[in-house]
Amino acid sequence: MAKSIPLAAIQSKLCNIWGTKPNTTKLMLTRCEDWTDESFQEDVYVDIRAKGTEERTREYVLEGMKKVQEAFREHDLIANVRLETYEGPRYFHVPPPSS
């Protein structure tokens, strides 16, 4: 893809959408070939993992996903958005050791 992706600007918008901070809203860019035969014609595939909470109802999450698409659209990017929630006790993370 030849289009530029303004990561800092989009991360800021994602934090505003979800009410999070940059240290918990990790935005990663991985360029790869998509060999699936899906014809969404997207510029970016956005895969979000979020902690499932009572406040994050289906309606709330779907509305947030539409806002994520709009954040990318503001930068002339078509986003295919996927979001998966997890239960806190079933989430594990081992960060790198501090130096």
Side-chain angles (χ1 to χ4, degrees):
M1 183 179 92
K3 290 185 179 180
S4 173
I5 302 175
L7 296 176
I10 290 175
Q11 183 189 34
S12 177
K13 289 180 183 187
L14 295 180
C15 288
N16 288 336
I17 291 167
W18 300 113
T20 57
K21 297 183 181 185
N23 63 336
T24 58
T25 305
K26 186 174 262 191
L27 184 59
M28 297 181 285
L29 173 63
T30 304
R31 297 191 185 272
C32 61
E33 295 294 323
D34 180 2
W35 289 9
T36 59
D37 193 25
E38 296 182 25
S39 56
F40 293 118
Q41 304 300 316
E42 74 262 21
D43 295 314
V44 295
Y45 180 84
V46 181
D47 188 10
I48 301 171
R49 287 185 304 270
K51 183 176 181 181
T53 64
E54 290 183 21
E55 299 82 28
R56 291 183 180 153
T57 62
R58 180 173 180 77
E59 295 76 20
Y60 175 85
V61 169
L62 289 172
E63 183 61 30
M65 292 170 71
K66 290 177 187 175
K67 291 177 182 178
V68 169
Q69 281 185 322
E70 182 57 33
F72 280 89
R73 189 175 10 260
E74 289 172 8
H75 295 280
D76 196 31
L77 296 164
I78 299 169
N80 183 3
V81 181
R82 173 187 179 274
L83 189 144
E84 178 180 348
T85 58
Y86 62 85
E87 295 178 38
R90 296 178 183 251
Y91 174 76
F92 305 96
H93 176 228
V94 179
S98 51
S99 6

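Everything numeric here is computed off the predicted structure, so don't read it as measured data.
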Q) With a 4.5 Å limit on heavy-atom distance, are the side chains of Thr85 and Lys51 in contact? A) no
Q. Heavy atoms, side chains only, cut-off 4.5 Å: are Cys15 and Lys21 in contact?
A. no
Q. How far apart are the closest heavy atoms of Leu77 and Pro6, and which atoms are they?
A. CD1-CD, 4.4 Å
Q | Salt bridge Lys67-Glu70, side-chain N to carboxylate O under 4.0 Å | A | no
(Q) Return the CG to CD1 distance between Leu29 and Ile5, rounded to the nearest 0.5 Å. (A) 5.0 Å
Q. Which heavy atom in Val44 sits nearest to a heavy atom in Phe72, and how many Å separate them?
A. CG2-CD2, 3.6 Å
Q | Over all atoms of both residues, closest heavy-atom pair of Ala79 and Glu42 | A | C-CB, 4.5 Å
(Q) What I want to find out is whether Lys13 reaches Glu74 closely enough, with some N-O distance under 4.0 Å, to be called a salt bridge. (A) yes
Q.
Treating Lys3 as the side-chain partner and Asp76 as the backbone partner, does any N or O pair qualify as donor plus acceptor under 3.5 Å?
A. yes
Q | Same apolar cluster: Tyr91 and Leu83, side chain cutoff 4.5 Å | A | no
Q | Ser12 side chain vs Ala9 backbone, donor-acceptor pair below 3.5 Å | A | no
Q: Give the minimum heavy-atom separation between Leu14 and Thr25, together with the two atoms involved.
A: CB-CG2, 4.1 Å
Q) For the side chain of Glu84 and the backbone of Arg49, is there at least one donor-acceptor N/O pair under 3.5 Å apart? A) no
Q: Say whether Tyr86 and Ile48 are linked into one hydrophobic cluster, either directly or through other cluster members, by side-chain heavy-atom distances under 4.5 angstrom.
A: no
Q: Using a 4.5 Å cut-off on heavy atoms from C-beta on, say whether the side chain of Arg82 contacts that of Asn80.
A: no
Q) Which heavy atom in Trp18 sits nearest to a heavy atom in Val61, and how many Å separate them? A) CH2-O, 3.7 Å
Q: Could you tell me whether a side-chain N or O of Asp43 sits under 3.5 Å from a main-chain N or O of Ile78, the two making a donor and an acceptor?
A: yes
(Q) Looking at every heavy atom in both Arg56 and Ala50, which two are closest together, and how far apart are they? (A) NH1-CB, 3.8 Å
Q. How many angstroms lie between OG1 in Thr53 and OH in Tyr60, if you round to the nearest 0.5 Å?
A. 7.5 Å
